[in-house]
Student: 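Have a look at the structure that comes next, please.
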Amino acid sequence: DTAVSQTPKYLVTQMGNDKSIKCEQNLGHDTMYWYKQDSKKFLKIMFSYNNKELIINETVPNRFSPKSPDKAHLNLHINSLELGDSAVYFCASSQPDRDGGYTFGSGTRLTVV
Amino acid sequence: DQQVKQNSPSLSVQEGRISILNCDYTNSMFDYFLWYKKYPAEGPTFLISISSIKDKNEDGRFTVFLNKSAKHLSLHIVPSQPGDSAVYFCAASARGAGKSTFGDGTTLTVKP
């Protein structure tokens, strides 16, 4: 019974394609995030949603579009994929009081060829 | 601008000994700090946190120390166990910022 689940786990696709990554949490958390871990291993925030509302959009190309149909789901759609988009994308959720940190999904390894 | 830095990419210790992982930050607005542990092919899992009103927080074998004047925190694991082998991320957040800023991780290897 996974708390934060994201699919797919692996995604290999060609440049120029459009792809989506889905994320769902069953913790009842109000806030969800997308983080990107690049080849240098940094975890960088991309987006944050609180109760379906966009809170943070961190200088991410507009080819990346998050969608939150409800507070339990935060999907990430990427248009016109580029080689530099290859990374591991992590979804996470939390309560806004910050206690206990984030609960992360297991990640989606995206490889653009 | 890397606001959270973990200057040691890797650390190797013997089972039973102490592991000390270090983290430095530059943003004086950070007031809440966390450590996460990450195994391969899994997401990071929350380990322990500390608020800036404290200088120490302990949870079993894990203790986090915060030195605000030096903008430095450390994670002590005593005694270290082989199952502790993982990548450890330090993270920091500022009240109202709505996000955590992560370091680039330290790979800990605990040898039996």
Side-chain angles (χ1 to χ4, degrees), chain A residues 2-10 21 23-25 27 29-51 53-60 66 74 87-109, chain B residues 1-11 21 23 25 27 29-54 57 59 62 64 73 75 86-108:
Chain A
T2 308
V4 179
S5 60
Q6 48 182 116
T7 55
K9 192 166 179 68
Y10 300 97
I21 307 172
C23 180
E24 176 182 3
Q25 55 99 0
L27 299 166
H29 287 165
D30 291 332
T31 309
M32 295 186 72
Y33 312 82
W34 278 108
Y35 274 80
K36 177 181 179 181
Q37 186 179 33
D38 59 21
S39 58
K40 295 183 179 179
K41 307 302 181 186
F42 282 105
L43 278 160
K44 293 182 181 176
I45 189 163
M46 301 174 69
F47 302 102
S48 164
Y49 270 72
N50 185 270
N51 265 318
E53 288 193 28
L54 180 65
I55 303 297
I56 292 174
N57 182 342
E58 286 278 308
T59 59
V60 177
L74 180 60
V88 182
Y89 293 85
F90 288 99
C91 176
S93 71
S94 75
Q95 286 293 68
D97 60 6
R98 303 193 293 176
D99 287 344
Y102 296 174
T103 302
F104 280 88
S106 58
T108 296
R109 181 174 292 277
Chain B
D1 177 27
Q2 192 180 338
Q3 298 185 49
V4 179
K5 298 180 183 179
Q6 296 175 253
N7 291 320
S8 298
S10 62
L11 174 67
L21 296 99
C23 178
Y25 62 95
N27 188 339
M29 298 300 292
F30 288 149
D31 64 347
Y32 189 67
F33 305 89
L34 312 95
W35 284 94
Y36 289 82
K37 175 180 179 180
K38 183 183 180 304
Y39 292 120
E42 295 183 12
T45 56
F46 169 73
L47 199 54
I48 192 169
S49 63
I50 188 167
S51 164
S52 61
I53 63 173
K54 296 183 176 181
N57 189 25
D59 183 3
F62 302 90
V64 56
L73 65 155
L75 175 68
V87 179
Y88 289 79
F89 288 96
C90 168
S93 70
R95 184 164 295 280
K99 65 177 181 180
S100 285
T101 300
F102 285 78
D104 55 347
T106 296
T107 300
L108 173 65

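Just so it is clear, the values below take in all heavy atoms, side chains as well, and ignore hydrogens, waters and symmetry mates. Each chain gets a letter, A, B and so on, in the order the sequences are listed, and its residues count up from 1. Keep in mind that this is a model prediction, so the values were computed, not measured.
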Student: Please classify the contact between B/F89 and chain A as side chain, backbone, both or neither, with a heavy-atom cut-off of under 4.5 Å.
Tutor: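 The side chain, not the backbone.
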
Student: Counting only heavy atoms closer than 4.5 Å, note whether A/Q6 contacts chain B via side chain, backbone, both or neither.
Tutor: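 For A/Q6, no heavy atom lies under 4.5 Å from chain B.
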
Student: Please report the shortest heavy-atom distance between A/L27 and A/A3, naming the atom on each side.
Tutor: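 Reported closest heavy-atom pair: CD2-CB, 3.5 Å.
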
Student: Look at B/A91, B/G105, B/S100, B/G103 and state which one has the largest set of heavy-atom pairs under 4.5 Å with chain A.
Tutor: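 Ranked by heavy-atom pairs under 4.5 Å with chain A, first place is B/S100.
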
Student: Mind listing the closest non-hydrogen atom pair of B/V4 and B/C90 along with its distance?
Tutor: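 Scanning both residues, the minimum pair turns out to be CG1-SG, 3.8 Å.
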
Student: Classify the ring geometry of B/Y36 against B/F46: parallel below 30°, tilted from 30° to 60°, perpendicular beyond 60°.
Tutor: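 Ring orientation of B/Y36 relative to B/F46: perpendicular.
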
Student: Partners of A/E58 by salt bridge (Lys or Arg N to Asp or Glu O under 4.0 Å), sequence neighbours excluded?
Tutor: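 Residues passing salt bridge (Lys or Arg N to Asp or Glu O under 4.0 Å) with A/E58: B/K99.
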
Student: Non-hydrogen atoms of chain A under 4.5 Å away: do they reach the side chain of B/Q6, the backbone, both or neither?
Tutor: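 Contact with chain A involves no heavy atom of B/Q6 at all.
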
Student: Using the side-chain contact (heavy atoms from CB on, under 4.5 Å) criterion, which residues pair with A/V60? Sequence neighbours excluded.
Tutor: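 By the side-chain contact (heavy atoms from CB on, under 4.5 Å) rule, A/V60 matches A/M46, A/F47, A/N57, A/F64.
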
Student: Contact between B/C23 and B/F33 at the side-chain level, heavy atoms closer than 4.5 Å - yes or no?
Tutor: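 B/C23 does not reach B/F33 side chain to side chain.
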
Student: So which of B/S51, B/A97, B/A41, B/P9 has the biggest tally of heavy-atom pairs under 4.5 Å with chain A?
Tutor: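 The option with the most such pairs is B/A41.
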
Student: Pick whichever of A/T31, A/N50, A/I55, A/I56 has the most heavy-atom pairs under 4.5 Å with chain B.
Tutor: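 Max contact count across the listed options: A/I56.
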
Student: Which region of A/T103, side chain (C-beta onward) or backbone (N, CA, C, O), has a non-hydrogen atom less than 4.5 Å from a non-hydrogen atom of chain B, or is it both or neither?
Tutor: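 When you check distances to chain B, no heavy atom of A/T103 falls under 4.5 Å.
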
Student: Is it the backbone or the side chain of A/K44 that comes under 4.5 Å from a heavy atom of chain B, or both, or neither?
Tutor: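 Contact with chain B: none, neither part.
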
Student: So for A/Y102, is it side chain, backbone, both, or neither that comes closer than 4.5 Å to the heavy atoms of chain B?
Tutor: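 The answer is both parts of A/Y102.
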
Student: Should B/Y88 and B/L11 count as side-chain neighbours, where that means a heavy-atom distance under 4.5 Å?
Tutor: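 No, every pair of side-chain atoms sits at 4.5 Å or beyond.
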
Student: Determine whether more than 12 heavy atoms belonging to other residues, nucleotides or ligands lie under 6.0 Å from atom NZ of B/K54.
Tutor: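 No - once you tally the heavy atoms of other residues, nucleotides and ligands closer than 6.0 Å, there are 12 at most.
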
Student: For chain B, find which of A/Y33, A/Y35, A/F104 contributes the most heavy-atom pairs closer than 4.5 angstrom.
Tutor: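 Looking at each option in turn, the highest pair count goes to A/F104.
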
Student: Counting only heavy atoms closer than 4.5 Å, note whether A/I45 contacts chain B via side chain, backbone, both or neither.
Tutor: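 It is the side chain, since no backbone atom gets that close.
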
